[in-house]
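Residue numbers count from 1 along this sequence. Fair warning: this is a prediction, and the values are worked out from it, not measured in the lab.
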Amino acid sequence: SAVYLAFIPNSYETEVQILVEQLGDVEKFAPQTGSSNFKGEDDYYGTQVAIITGKKISSRVKNELGVSSGSYVLTARRLRGTRIISVSVKSKDAKLAARVANKTIDVYIQEKGQDDLFIAKQMLKWLPNQIEQTSGGDSAGFSGKSQSKGGELLLTSEADDAVYQQLRQSRMETESKRSEMSFRYKPNHPIMKELEEKLSYLDQQIKERKEALLSSLKASLMGDFHLTNIKILSPAPIPLKPTSPKRLRGIFLATILGLFISVCFIIYIEQTDPRIWYESEIQRALDVPFMGYIPLVERLAKKKDKKNIAKGRPVELVENLKLQNILRDQPTLTDSLAFMRTHLFFSVPQQKSKVLMMTST
């Protein structure tokens, strides 16, 4: 893992953060349908993230900087619970990463301004040039599908305007009172004339209020869409240190993994080894009692002694292999044999044990 990580090239990552504010209710109307498309901040900011990472902005950045698509990786995300969008760029070239990140935001702001300006022009195109009074006096008359969309925008503004709603309420009350009085008085009666004059006055006030709302809506559209709603909080700096690969962490994890695999392998070998290594395994494997240890005598394994045995010479005639000499020179062997002799005497009934046979495993 150390050699592998040593050959992996360094990768640099930089980040730019922007603050994106929603322009208001007027931005929620789509230019094609005039209906509300963005019902929450999640939808709006999710759309902005998709635009930043989309092919349109990516193509412009590549063409203007003259870079290839495989030379960097761009990601964008919204910081949880905020109106901040973070754009990260990872590349093997630190300067290229910073250039791409900053250029992406510049292109995004330009594209956003053009889109907002297009929406503003479309909305201004939908809105009527003037308010035409209808027979009812409390609604605007529009002709054509685009004018109908403009009417929806205007009606939304009217519904939110307290003065306009108060004027409409007064006119409805006056209209109701005039209908009631018409059963008692003739049109020329002073009370009827007074009510007619009041109705005319209210109609004029409603018309003027509608025109004011229309002018305010146009000014609001132009003002909102000409002022950018994007603010760069921190431009992307040139990273001084690589962000990946994390070599020390990689070597550490590889060491831990290697140690774990080694331990598992050793446990497997131990569990599958049929040989007996410890006294506890004798009772478990052979079901016989353990009598004791006999140490290995190196003198018995020498080549010289093996040659004498191979020639057919009796072991007891070989001076170096006499048991008396070995026991005299190997006190550990003497003690082990005495210990085993004691074990034999105490482990079997003496009156029944007359012959002992010793054999290999």
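For D287, there are no salt bridge (charged side-chain N to carboxylate O under 4.0 Å, His left out) partners two or more places apart in sequence or in a different chain. Applying the side chain to side chain donor-acceptor pair (under 3.5 Å) test to R80 and every residue at least two apart in sequence or in another chain returns nothing. By the ring pair (Phe, Tyr, Trp, His ring centres under 6.0 Å) test, F290 pairs with Y293, sequence neighbours left out. Residues passing the salt bridge (charged side-chain N to carboxylate O under 4.0 Å, His left out) test with K56, sequence neighbours excluded: E111. F252 meets the ring pair (Phe, Tyr, Trp, His ring centres under 6.0 Å) test with no other residue; sequence neighbours excluded. R328 pairs by the salt bridge (charged side-chain N to carboxylate O under 4.0 Å, His left out) definition with nothing, not counting sequence neighbours.
Closest non-hydrogen pair, S88 versus E13, comes out as CB-OE2, 3.6 Å. Across all their heavy atoms, S336 and I294 have their closest contact at CB-CD1, 4.4 Å. Between A98 and P237, the shortest heavy-atom contact is CB-O, 3.7 Å. A285 and I276 get closest at one heavy-atom pair: CB-CD1, 4.4 Å.
Counted by atom type alone, S86 and E15 present one or more donor-acceptor pairs between their side chains at under 3.5 Å.
Ion pairing between E64 and R60 holds under the 4.0 Å rule for side-chain N and carboxylate O. Look at D93 and K95 and you find no salt bridge, because none of the NZ, NE, NH1 or NH2 atoms lies under 4.0 Å from a carboxylate O. Classification of E180 and K177 as a salt-bridged pair fails, no side-chain N sitting under 4.0 Å from a carboxylate O.
Around the NZ atom of K62, the shell of radius 6.0 Å holds more than 12 heavy atoms that belong to other residues, nucleotides or ligands. The number of heavy-atom neighbours closer than 6.0 Å to CG of L240, taken from other residues, nucleotides and ligands shown, is 12 or below.
Inter-residue side-chain proximity for L253 and R249 is flagged as met; some heavy-atom pair is nearer than 4.5 Å. Put simply, the side chain of I84 does not reach to within 4.5 Å of the side chain of R78, judged on heavy atoms. Contact of the P295 side chain with the Q330 side chain is not registered, since no non-hydrogen atoms from C-beta on lie closer than 4.5 Å. Looking only at side-chain heavy atoms (C-beta outward), K92 and Y72 stay at 4.5 Å or farther from each other. In this structure the side chain of I85 never reaches within 4.5 angstrom of the side chain of Q17, judged on heavy atoms. At a threshold of 4.5 Å between non-hydrogen side-chain atoms, the residues Y45 and R83 count as touching. Looking at T53 and T75, their side chains never come closer than 4.5 Å, going by heavy atoms from C-beta outward. Within the 4.5 Å cutoff, no side-chain heavy atoms of K231 are placed close to those of I18.
Under a 4.5 Å side-chain heavy-atom cut-off, the cluster of Ile, Leu, Val, Met, Phe, Trp and Tyr residues that includes W277 is completed by Y278. In the hydrophobic clustering, where aliphatic and aromatic side chains (Ile, Leu, Val, Met, Phe, Trp, Tyr) are joined below 4.5 Å either directly or transitively, Y4 groups with L5, I8, I251. As a member of the Ile/Leu/Val/Met/Phe/Trp/Tyr network built from side-chain separations under 4.5 Å, Y268 groups with F265, I269. Counting side-chain heavy-atom gaps under 4.5 Å among Ile, Leu, Val, Met, Phe, Trp and Tyr, the cluster of V263 also holds L259, I267.
In this structure, N10 contributes its side chain and P242 its backbone to no donor-acceptor pair below 3.5 Å. Between the T174 side chain and the S170 main chain, a donor and an acceptor come within less than 3.5 Å of each other. At distances below 3.5 Å, not a single donor-acceptor pair connects side-chain atoms of S58 with backbone N or O atoms of K55. With hydrogens and angles ignored, the 3.5 Å screen pairs no side-chain donor or acceptor of S176 with any backbone N or O of M172. Judged by distance alone, with hydrogens and angles left aside, the side-chain atoms of S11 form no donor-acceptor pair with the main-chain N or O of S244 at under 3.5 Å.
Atoms OG and CG, from S91 and L74 in turn, are 11.0 Å apart once rounded to the nearest 0.5 Å. Here the CD1-NZ distance, from I51 to K112, works out to 7.0 Å after rounding to the nearest 0.5 Å. With values rounded to the nearest 0.5 angstrom, L202 atom CG is found 10.5 Å from Q166 atom CD. From I109, atom CD1 reaches atom CD1 of I232 across 4.0 Å, with rounding to the nearest 0.5 Å. Note: F346 CZ to R341 CZ = 10.5 Å, rounded to the nearest 0.5 Å. The CD1 atom of I105 sits 10.5 Å away from the CG atom of L233 when rounded to the nearest 0.5 Å.
Sorted by first and then second residue, the ring-ring contact (aromatic ring centres under 6.0 Å, His included) pairs with a member in residues 169-206 read Y185-H189; sequence neighbours excluded. Residues in residues 324-344 take part in these ring-ring contact (aromatic ring centres under 6.0 Å, His included) pairs, two or more places apart or across chains: F339-H343.
V87 and I238 are members of different hydrophobic clusters when ILVMFWY side chains are connected at heavy-atom separations under 4.5 Å. V20 and I52 fall within a single hydrophobic cluster, where Ile, Leu, Val, Met, Phe, Trp and Tyr are joined by side-chain heavy atoms under 4.5 Å apart, directly or via other members. One hydrophobic cluster, built from ILVMFWY side chains closer than 4.5 Å, holds both V100 and V107. Cluster annotation: L65 is connected to V16 through the hydrophobic network of ILVMFWY side chains, with a link wherever side-chain heavy atoms come within less than 4.5 Å. Hydrophobic cluster membership is shared by L79 and L19, with clusters built from Ile, Leu, Val, Met, Phe, Trp and Tyr side chains linked at under 4.5 angstrom.
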**Request:** Go through the steps to decide whether K193 and E196 satisfy the test salt bridge (Lys or Arg N to Asp or Glu O under 4.0 Å), and finish with yes or no.
**Result:** CA-CA 5 Å; K193 290 183 178 180; E196 289 291 343; over 6 Å; no
**Working for side chain to side chain contact (heavy atoms under 4.5 Å, CB included), residues R171 and I206** = CA-CA 9 Å; R171 191 187 187 285; I206 290 175; 3.8 Å; yes
**Message:** I'd like to know whether V73 forms a side chain to side chain contact (heavy atoms under 4.5 Å, CB included) with V89, so could you lay out the CA-CA distance, the side-chain angles of the two residues, the decisive distance to 0.1 Å, and finally the verdict.
**Reply:** CA-CA 6 Å; V73 177; V89 177; over 6 Å; no
**Request:** Dump the intermediate steps for side chain to side chain contact (heavy atoms under 4.5 Å, CB included) on R77 and V49, then the final yes or no.
**Result:** CA-CA 6 Å; R77 62 185 179 89; V49 169; 5.8 Å; no
